[in-house]
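Chain identifiers are assigned alphabetically (A, B, ...) following the order of the sequence lines, protein sequences preceding nucleic acid strands; residue numbering begins at 1 within each chain.
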Protein chains: 2
Amino acid sequence: MPRLSKDQCLSDLKLRILSTALAPGSDLDETTLAEHYGMSRTPMREVLHRLAGAGFITTSENRGAKVASMDIGTMRTFFQTAPMIYANIASLAAEARTGPQMDALKDAQHAFTKATAAQDAQATALANHRFHAVIGEMAHNPYLVASLDRLLIDHTRLSQRFYQPANANEKMLIVKASDQHDALITAIEAQESALAIDLSLQHWDLSRDRMERYVRPDPLPVDVVSLKDRRNAV
Amino acid sequence: MPRLSKDQCLSDLKLRILSTALAPGSDLDETTLAEHYGMSRTPMREVLHRLAGAGFITTSENRGAKVASMDIGTMRTFFQTAPMIYANIASLAAEARTGPQMDALKDAQHAFTKATAAQDAQATALANHRFHAVIGEMAHNPYLVASLDRLLIDHTRLSQRFYQPANANEKMLIVKASDQHDALITAIEAQESALAIDLSLQHWDLSRDRMERYVRPDPLPVDVVSLKDRRNAV
DNA sequence: GGGCTCGAAATTGTATACATTTAGTACACA
DNA sequence: TGTGTACTAAATGTATACAATTTCGAGCCC
């Protein structure tokens, strides 16, 4: 993949991280990446520092870069923090959104429905990411957006598997999420911020249920042996 | 100032920005800075990208770096956002603080009172910054801390002049702020998160009053001419 | 066999030369 | 006098060579 510009390289790496093509916690070798993108190490290092600043990766002196990890502690914090930020962002977006931003939001939603119809899980997750990032732009609040962007990174990585519906019920949940997007678009366009808060919290409830089901899968059938084993485990 | 390590250079630039020795919006020349810190342009550029990632400066392609500006629109957003984030951070800090972090917090408060006693406005503002940054570390929430850190940058830059007390009344306000710090330390150490929220909101009210007095100085004497002029202004 | 030291290979960090882009100025022309 | 254009100087962006650090394995001692 030779001769990509720095911006293209940046967004490509973001996509690879959001889609977990680059797994959380995995090492990034700057020499390899530089060759891959057809540039020298100097601009590649600059891209890596940008990614680090935005929370996609972490770097440590003399020890290279890693994709930001998603340990159990961080996820607890994620579930604790997301609804507050999402709701506030939605409220501010309803107050401050502009016309071109509304267009961008509808575009993102269009891409979302198209990806769900095609059963393309990865494209669905990324379109969802873009949808919520646009709402962030609308809020016009650099302080909260710094939080939001970091939340969305982990949200998108966590959601990766839910957009691959395993049964009719899961398929229905995705349709429901899409309907909530439409309702949110209407509320934001009408500048009804109280409604936007309410809708974004409903939307969060749906996401959280799906994500928690993945994080903590349905309990296994109980039997005496496994229980005894577990009782003495750490 | 030759032969400073990259970390020293980074924190020195942060201090110069927080103290407004480098004015908001002013241009940064990477060649000059590199010479000043006794390093080549490559690591200097890396430092600048780190600062950009943390919100201290902004960079634009082929056009260099600027210290983050503080326009009137951003400040409106600042006043809107700060109390929510400060209160949530204080609450989380009370829940999650560790022993060493408590020591660091008390150190910062010690530096704060020492600086006020010495009437050193700049040292006071920076010690106040450190105090609140430590509470951020305690909260152990990377999402919210991203917001907090950006708020604190502007908070410290705005506060710069208030710690230069012009009269007995202003001197008393600084003493009051210091007392609130002490109360907050006690609440966090006792893990009383509801109290910590309340105290941090009180502390914010005090700061906001001081800052707004600077941003919007006491109203000028009303006269008919200026009123008429203003009525037709944008 | 376990753990240590030493050294070579690989990886990251820095300096510098060179390419590219921007900004400022002089000058021509209307 | 104002405007547009070409040129020059200064700044940013990139590539590459070299220095410093870390990692990993071989060899050794206990």
Exercise. Contact class for A:Leu28 vs. all strands (heavy atom < 4.0 Å): base, sugar-phosphate, or nothing?
Worked result: sugar-phosphate
Problem set entry | Gap between atoms NZ and P, on B:Lys66 and C:dT22 respectively (whole Å) | 15 Å
Seminar exercise, completed: Rounded to whole Å, the CG-P distance (A:Asp29 to D:dT22) equals 17 Å
For this session: In whole angstrom, give the distance that lies between atom CD of A:Glu35 and atom C1' of D:dT16.
Result: 14 Å
Exercise. How is A:Arg41 classified with respect to the nucleic acid when contacts are heavy atoms under 4.0 Å: base, sugar-phosphate, or nothing?
Worked result: base
For this session: Provide, to the nearest angstrom, the distance between the CZ atom belonging to A:Arg45 and the C1' atom belonging to C:dA15.
Result: 13 Å
For this session: Would you check if A:Lys66 and A:Ser26 make a side-chain contact, meaning some heavy-atom pair closer than 4.5 Å?
Result: no
Exercise. Is the closest side-chain heavy-atom distance between A:Thr32 and A:Glu35 below 4.5 Å?
Worked result: no
Exercise. To the nearest angstrom, how far is A:Leu33 atom CG from C:dT11 atom C1'?
Worked result: 13 Å
Exercise. Can you check the B:Asp27 CG to D:dA10 P distance for me, whole Å?
Worked result: 17 Å
Problem set entry | B:Thr42 side-chain N/O to C:dT14 phosphate OP1/OP2 under 4.0 Å | no
Problem set entry | Most 5' of A:Glu61 and A:Ser40 on DNA chain D, judged by nearest nucleotide | A:Ser40
Exercise. Under 4.5 Å between any side-chain heavy atoms of A:Met138 and A:Thr98, yes or no?
Worked result: no
Exercise. Tell me, do A:Gln109 and A:Arg130 make a side-chain contact under 4.5 Å, heavy atoms counted?
Worked result: no
Exercise. Is the shortest heavy-atom distance from the side chain of A:His155 to the side chain of A:Met211 under 4.5 Å?
Worked result: yes
Exercise. Under 4.0 Å between a side-chain N/O of A:Thr31 and OP1 or OP2 of C:dA10, yes or no?
Worked result: no
For this session: Would you kindly give the CG-to-C1' distance between A:Asn62 and C:dT12, to the nearest whole Å?
Result: 6 Å
Seminar exercise, completed: Whole-Å distance, B:Met39 CE to C:dG13 P, equals 14 Å
For this session: Let me know, please, whether A:Arg63 or B:Glu30 comes out on the 5' side of the other along DNA chain D by nearest nucleotide.
Result: B:Glu30
